[in-house]
Amino acid sequence: MVRVLTLGLSGLASATLGSAFEYKTRYACGVCREVLRGQSCEVLGRCESPEVLEAQHGCSNVCGEVDDLSPPKADVQGLELRVSKALGSKDYNLLRISAITSSPDPPTADFFDYSAQFKYKWTQFYLHSALKAVTPGQATQITLGGQDITLSLPAKGAGVTGLLIADPCVNSPTGKSWVGCRFGDEFKTIENTPTLINTFASGDNIDFWSITGDNFYDRTGEITADVFSRISLQAKSKIFNTVPGNHDHWALGSPDVASVHDQCGNGFMQYYGQDSYAAKNLTVGSTEAPFDYSINPHRLLGCKKAAESNFIWYNQIGNLGMIGQNGAFGLDDTRPFLQEACAWAANQEDMDVLVLFGHWDVSGMGAEGDMAMPAFYSEVAAMPGCDKFEAKNMLKFVMGHTHCNDPHPHGKVGAGFRVAGFGMDGCGNYGVPLIDTSDNKVRFWYFDTSDSDRLNEVVACVSREGWKSCTSYATLWLNEDIPAREERSMVV
């Protein structure tokens with residue numbers, strides 16, 4: 001007898017029957033596989049659905065032939081490098097350098113201060129990490145795993161450019177899938193998203209790149225490892241920042257249908273190696289874990305989120321300040337961190353623009369109303385320190401969740417930008433958003449690559465000449481003058 005109507009505890013969420021889970025067709029494979037694992041179809045609200053009946057056939061008709069129940073594979077190809085900016089409370093010249101391996105051995109001896117197997121989730125991987133000093137405005141050469149790497153941190157106060165991504169999905173050859181990638185085949189995202197990252201982020205004209213949540217819709221780490229194996233070492237050598245989305249906590253995107261098999265952010269935080277608030281007190285040479293592992297995600301029903309401090313951060317690159325949040329936590333819990341971050345930002349004389357990074361653009365699916373980015377922006381804009389940037393229209397925010405690439409979709413004209421058109425169902429667009437704070441301006445550019453011919457033209461131009469010589473292919477979402485620093489300093 002198939003486990004369609006069981007109420008077994010092996011994967012039962014903490015939700016009650018009649019769950020608020022909003023089913024969409026992209027969840028067909030994930031729902032089927034949850035039922036196959038023993039999840040209650042009542043909790044999922046899908047007892048009469050075709051995908052639940054497909055559980056009798058192993059879900060192959062909705063998921064493909066690969067069995068989701070097989071153990072995660074530790075498939076790390078090449079040097080899996082992460083470079084993140086140190087938390088803003090630390091010296092500007094510090095970067096966190098991390099490597100992910102499939103064995104306990106670090107790529108290079110006597111370089112990393114912390115080395116350990118991933119804890120709780122994605123335990124097929126090992127993390128090696130250290131804070132390192134570099135010289136801002138100059139290239140810093142290091143060697144890891146026998147490969148020469150160039151690290152670059154712009155001089156403090158210099159204009160910078162960043163590549164902005166959210167909600168990237170792929171149809172991975174690993175066969176692992178919980179959420180369908182609606183435009184994955186049409187846009188060939190498994191090939192083209194890494195190509196776009198490599199093309200833009202490998203060049204001299206990009207200083208950092210980011211993913212603002214729902215990073216490849218991955219529960220076990222296998223899809224993520226496959227995608228990152230396609231990203232060049234030059235791109236991985238650039239500063240990277242990220243914040244989690246709902247699917248980085250719960251595979252089906254909602255705490256209402258959380259499973260004991262979900263990562264609840266644990267795999268995410270270790271794989272991406274941010275110098276988060278959890279590492280605030282760590283200094284160069286510290287052998288302590290750069291994360292707070294105090295919350296064990298394992299529970300009889302659903303899973304517990306990792307501590308909020310593992311996901312939130314503030315830092316500065318050039319003249320750009322950035323604050324990262326996690327909408328799965330409440331504003332009251334986050335407020336002390338925000339007050340600290342805003343006070344810090346106000347004291348940076350060479351910071352011209354401040355950008356908030358968060359995943360949710362609307363509430364629900366784990367986020368309260370005041371943690372969805374449009375409302376969150378309004379809350380932060382009124383906080384002492386951040387209000388001085390708001391007064392000069394230099395407080396901006398970037399978000400994902402609704403799968404579109406478009407400027408100010410929620411009425412925050414000139415402030416909010418959604419960068420989530422990377423394959424999932426939604427607006428159906430696909431392209432590369434950039435933020436650029438050079439030449440005493442703040443600009444948001446968008447290179448649409450929804451058409452394969454246009455994508456090839458953009459890739460060829462940027463590879464040959466750098467993105468700044470290819471703006472004829474881009475739409476300018478925002479073009480504002482940055483106020484003179486002495487003028488801004490007069491704001492009270």
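- Contacts classified as disulfide bond (SG atoms under 2.5 Å apart) and involving residues 156-213 (residues at least two apart or in different chains) are given here: Cys169-Cys181.
- Using a 30° and 60° split on the angle between ring planes, Trp122 and Phe125 fall in the perpendicular class, above 60°.
- A donor-acceptor pair shorter than 3.5 Å cannot be found between the side chains of Gln325 and Thr334.
- Here the SG atom belonging to Cys342 is positioned 11.5 Å from the CG atom belonging to Asn347, to the nearest 0.5 angstrom.
- A salt bridge links Lys236 to Glu80: one of the charged nitrogens lies within less than 4.0 Å of a carboxylate oxygen.
- When the shell of 6.0 Å around CG of Asp451 is examined, it contains more than 12 heavy atoms from other residues, nucleotides or ligands.
- Counting heavy atoms from C-beta on, the side chains of Leu94 and Asp91 come closer than 4.5 Å.
- Tyr446 and Trp477 have parallel rings, their planes meeting at less than 30° on a 0 to 90° scale where 60° marks the start of perpendicular.
- Donor-acceptor pairing under 3.5 Å is lacking for the side chains of Ser276 and Gln274.
- Side-chain atoms of Tyr430 and Glu186 form no donor-acceptor pair, as typed in the model, at a separation below 3.5 Å.
- At a threshold of 4.0 Å, the pair Asp275-Lys90 counts as salt-bridged, since one of the basic side-chain nitrogens sits closer than that to a carboxylate oxygen.
- Partner of Tyr277 under the ring pair (Phe, Tyr, Trp, His ring centres under 6.0 Å) criterion, out of Phe337, Phe311, Trp313: Phe337 alone.
- Between the side chains of Ser98 and Tyr272, no donor-acceptor pair is found at a separation under 3.5 Å.
- Centroid-to-centroid, the aromatic rings of Phe422 and Phe187 stay 6.0 Å apart or farther.
- None of Val432, Val398, Asn405 except one satisfies the side-chain contact (heavy atoms from CB on, under 4.5 Å) rule with Leu164; the exception is Val398.
- Side-chain atoms of Thr174 and Asp226 include no donor-acceptor pair closer than 3.5 Å.
- You'll find the ring centres of Tyr314 and Trp344 inside the 6.0 Å limit.
- In this structure, Phe329 and His249 have perpendicular ring planes: the angle between them is above 60°, well past the 30° mark.
- Using modelled atom types and a 3.5 Å distance limit, the side chains of Thr242 and Asn215 yield a donor-acceptor pair.
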Exercise for the section: Using the side chain to side chain contact (heavy atoms under 4.5 Å, CB included) rule, take Phe376 and Met371 through it: C-alpha gap first, then chi angles, then the decisive distance, then the call. Expected result: CA-CA 5 Å; Phe376 180 81; Met371 289 299 284; 3.9 Å; yes

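- A side-chain donor from one of Asp185 and Asn171 sits under 3.5 Å from a side-chain acceptor of the other.
- Side-chain contact, Lys468 with Thr161: no donor N or O sits under 3.5 Å from an acceptor N or O.
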